[in-house]
Amino acid sequence: MMKEELYEYILGVADNSLILGQRLGELCGHGPSLETDIACTNISLDLFGQTRSYFQYAAKLIGNDATEDTVAFLRTEREYRNVLLVEQPNTDFAYTIARQFLFDVFHFLFLDQLKNSNDLNLSAIANKAIKEVSYHQRFSTDWIKRLGDGTPESAQRIQAAIDDLWRYTDELFHTSNIDDKIIEAGIGVNLSELKDPYYSRVIQVLEESKLVTPESKWFQKGGKAGVHTEHMGYILSDMQYMQRTFPNMTW
Amino acid sequence: MSKNWPLWEVFVRSKNGLEHRHFGSLHAADAEMALENARDVYTRRNEGVSIWVVESKHIRASNPENNGELFEPAQDKVYRHPTFYNIPDEIKHM
């Protein structure tokens with residue numbers, strides 16, 4: 001297995017945390033209440049911390065003058081490998097929570113397997129991150145229940161968000177040829193094994209929250225191959241602004 | 001939104017062996033949310049090992065108007081402090 005392939009695999013893992021962290025960071029100072037504002041930005045910082053660990057390792061793999069910053073900030077849109085789900089906007093608080101919940105359930109199952117990776121760096125990152133993600137999952141699950149089983153308006157809004165974001169869930173389990181190689185090497189996580197536990201957990205929570213599981217079998221994909229939704233360019237222009245304007249700047 | 005949520009008082013134990021101390025208050029819809037909010041608002045810089053939350057309405061506070069009868073009688077009773085004992089010289093720290 002080539003180092004470049006492992007690098008690509010790590011991007012596929014870490015870009016999800018990076019872009020979701022960026023999305024949550026947009027709520028800094030704009031959350032619906034002081035408490036939820038801090039909660040969302042806390043989760044954002046957890047995700048950025050994980051991203052840094054992945055990118056520091058990734059930068060070492062490709063060498064040259066790569067650093068965690070160049071990996072994070074100096075790629076073009078097509079080079080980001082995050083799933084479409086995490087780049088979806090904070091339309092309202094229900095969307096923020098639905099996006100978080102649909103990702104957290106996956107993220108927890110994923111890290112729980114990545115702990116067993118043959119790659120010691122990745123298993124160490126997973127061991128640390130899973131405690132954070134365990135809390136993220138608890139936070140978003142509790143909110144799904146509160147909104148779903150809350151007022152008629154909160155139920156209607158969270159149902160609309162779940163219905164709208166459902167189409168992005170299937171992509172979580174897609175793999176590229178490179179991913180398959182890394183999985184065969186015992187380094188990556190076999191995503192197909194996560195699919196059943198994922199949907200059964202999600203559906204269980206939706207039922208407990210008195211929400212309807214969408215029946216649509218039509219799913220979106222593309223993010224993992226670098227083909228993103230129209231939102232991605234805006235995210236990157238915000239996120240990359242400082243490095244593009246003042247190349248090599250540091251804090 | 002938070003206007004409608006009840007107020008909660010947050011108590012955090014910062015180290016094992018120490019007591020829970022009042023850290024502040026926050027708004028939350030239920031006890032679970034209060035705990036989660038308290039975790040995020042008050043312990044994100046590694047301040048705590050245990051959190052208690054209690055809805056503020058359950059706290060019965062003394063009335064400042066009664067301060068005279070409640071607290072003033074204690075002011076002139078110095079003999080309630082253990083300061084009248086002669087401490088032997090060999091006991092250094094007391």
Side-chain angles (χ1 to χ4, degrees), chain A residues 21 24-25 27-50 90-97 100-101 104 128 131-158 205 208-209, chain B residues 1-68 70-71:
Chain A
L24 289 169
L27 293 172
C28 187
H30 301 276
S33 70
L34 179 125
E35 291 84 357
T36 43
D37 184 308
I38 293 177
C40 288
T41 43
N42 247 346
I43 294 174
S44 168
L45 288 178
D46 284 346
L47 292 170
F48 284 147
Q50 296 164 18
N90 301 312
T91 308
D92 61 16
F93 189 59
Y95 271 80
T96 301
I97 290 298
Q100 195 64 35
F101 169 67
D104 287 343
K128 181 165 180 285
K131 291 186 198 119
E132 298 168 342
V133 172
S134 172
Y135 181 78
H136 302 169
Q137 182 172 226
R138 178 171 139 179
F139 173 82
S140 59
T141 301
D142 282 356
W143 267 108
I144 291 279
K145 290 179 185 169
R146 259 180 224 120
L147 295 175
D149 197 10
T151 65
E153 184 180 2
S154 72
Q156 179 266 319
R157 284 187 181 228
I158 192 67
V205 172
E208 286 172 18
S209 314
Chain B
M1 182 173 175
S2 63
K3 272 192 302 233
N4 304 323
W5 291 346
L7 193 66
W8 297 71
E9 300 301 322
V10 179
F11 299 83
V12 176
R13 183 214 295 272
S14 42
K15 244 170 46 182
N16 280 324
L18 294 182
E19 74 278 28
H20 286 73
R21 284 185 49 219
H22 186 235
F23 262 50
S25 49
L26 45 75
H27 290 94
D30 51 54
E32 275 311 303
M33 196 202 286
L35 268 181
E36 287 168 16
N37 288 348
R39 180 261 193 193
D40 286 330
V41 174
Y42 293 113
T43 67
R44 66 203 155 116
R45 297 190 186 89
N46 202 18
E47 290 97 333
V49 294
S50 165
I51 303 173
W52 290 346
V53 290
V54 60
E55 226 183 308
S56 307
K57 69 177 183 194
H58 295 307
I59 290 180
R60 179 72 173 251
S62 64
N63 186 342
E65 281 177 21
N66 298 338
N67 278 4
L70 288 177
F71 306 120

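Sequence lines set the chain letters: A, B, ... in the order given, protein chains first and strands last, and positions in each chain run from 1.
- With a 6.0 Å radius and a threshold of 12 heavy atoms from other residues, nucleotides or ligands, N67(B) has its CG atom above the threshold.
- To the nearest 0.5 Å, the span separating NZ on K145(A) from CG on D30(B) amounts to 11.5 Å.
- R39(B) contributes atom CZ, which lies 6.0 Å from atom CG of N42(A) (distance to the nearest 0.5 angstrom).
- Of the possible donor and acceptor atoms, none in the side chain of E35(A) sits under 3.5 Å from a partner among the backbone N and O of A28(B).
- From L45(A), atom CG reaches atom CZ of R44(B) across 8.5 Å, with rounding to the nearest 0.5 Å.
- Here the OG-CG distance, from S33(A) to L26(B), works out to 9.5 Å after rounding to the nearest 0.5 Å.
- Between atom CE of residue M33(B) and atom OG1 of residue T36(A) there is a gap of 8.5 Å, rounded to the nearest 0.5 Å.
- R138(A) touches chain B through backbone and side chain together, each having a heavy atom under 4.5 Å away.
- Taking 4.5 Å as the limit, some side-chain heavy atom of E32(B) sits within range of a side-chain heavy atom of R146(A).
- Here the CG-CG distance, from L34(A) to N37(B), works out to 9.0 Å after rounding to the nearest 0.5 Å.
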